[in-house]
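Accompanying notes for the structure given below.
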Amino acid sequence: MISPEYCLLMARYNRWQNAELLKSLESMTDADLRADRGAFFGSIFRTVNHLLWGDTLWISRFDGGMGPAETDLTKTDTTDTTKTLAEWSTERFRTDARFVAWSKGVTHLDLTGDLTWFSGSIQADISKPRAMCVVQMFNHQTHHRGQVHAMLGAADAPMYTTDIPFLPE
């Protein structure tokens, strides 16, 4: 289904896209970042916080490191991960580096078998193929960055390319 090379490509793409996203976010006022734009999570800032929360949760399942600081597995508000753009930027940088470090060590064997975890949202253990879970992790990032990209465009914020073939070496 996927390969270690896919994981590294997607981790590098994720890091690049988040760096480009940050440039757009930094061009906006705090009020603009927090304005309700009718998206699923409301604002741009709430959406990027959810994405950071989800990324931290997913990567912890693969690298064995720390997950979100929230210890309550029933947490439903995943949009308050950070309080400021500066804090978000720091945590985003750390998390993106973690994705790249993990992906550099992935082997074909790491992508086989099942991944089992407790889902706080449905209050049950889940077991799914590891490769599918890796795809979900990267797809989740792209999905929510797409939502943010649409909100940025509607807010007349600076736009950037999102196409993988333009990923810098």
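Everything numeric here is computed off the predicted structure, so don't read it as measured data.
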Reported CG-to-CD1 distance for the pair Leu21 and Ile44, which is rounded to 0.5 angstrom: 8.5 Å
Side-chain ion pair, Glu91 and Arg94, N-O less than 4.0 Å: yes
Backbone of Thr107 reached by a side-chain donor or acceptor of Asp110 within 3.5 Å: yes
His50 and His144 aromatic ring geometry - parallel, tilted or perpendicular at 30°/60° bounds: perpendicular
Same apolar cluster: Phe118 and Met132, side chain cutoff 4.5 Å: no
Shortest non-hydrogen separation from Thr47 to Gln147 and the atoms involved: CG2-OE1, 3.9 Å
Beyond-backbone contact of Asp55 with Phe99, side-chain heavy atoms, under 4.5 angstrom: yes
Verify same cluster id: Tyr13, Leu111 (apolar side-chain graph, 4.5 Å): yes
Heavy-atom side-chain proximity of Tyr6 to Ser103 below 4.5 angstrom: no
For the student: nearest non-hydrogen atoms of Met151 and Gly42, plus distance: SD-O, 3.9 Å
Backbone N/O of Thr82 and side chain of Asn49: donor-acceptor pair under 3.5 Å: yes
Donor-acceptor pair, side chain of Ser89 and main chain of Leu85, under 3.5 angstrom: no
Centroid separation Trp58 to Trp102 less than 6.0 Å: no
Arg130 side-chain N/O to Gly113 backbone N/O, donor-acceptor pair under 3.5 Å: no
Test item: Arg37 side-chain N/O and Asp32 main-chain N/O as donor-acceptor pair under 3.5 Å: yes
Check: Val48 main-chain N/O paired with Trp88 side-chain donor or acceptor under 3.5 Å: yes
Compile the donor-acceptor pairs under 3.5 Å between side chains in residues 154-169 and protein atoms, sequence neighbours left out, one pair per line.
residue : atom : partner : partner atom : Å
Thr161  : OG1  : Asp163  : N            : 3.4

Exercise: identify the closest heavy-atom pair between Ser119 and Ile126: CB-CD1, 3.5 Å
Shortest non-hydrogen contact from Val135 toward Met1: CG2-SD, 4.4 Å
Sub-4.5 Å side-chain heavy-atom contact between Arg145 and Asn18: yes
Val100 with Phe62, same ILVMFWY side-chain cluster at under 4.5 Å: no
Test log, rule salt bridge (Lys or Arg N to Asp or Glu O under 4.0 Å), inputs Asp63 and Arg98: CA-CA 9 Å; Asp63 73 1; Arg98 192 171 163 188; 2.6 Å; yes
Shortest non-hydrogen contact from Gly67 toward Thr56: C-CG2, 3.5 Å
Side-chain heavy-atom pair Lys128, Asp114 within 4.5 angstrom cut-off: no
Closest non-hydrogen atom pair, Pro68 against Trp53: CB-NE1, 3.3 Å
Carboxylate-amine/guanidinium contact Arg46 Asp80, below 4.0 Å: no
Co-membership, hydrophobic cluster, residues Leu115 and Met10, 4.5 Å side-chain: yes
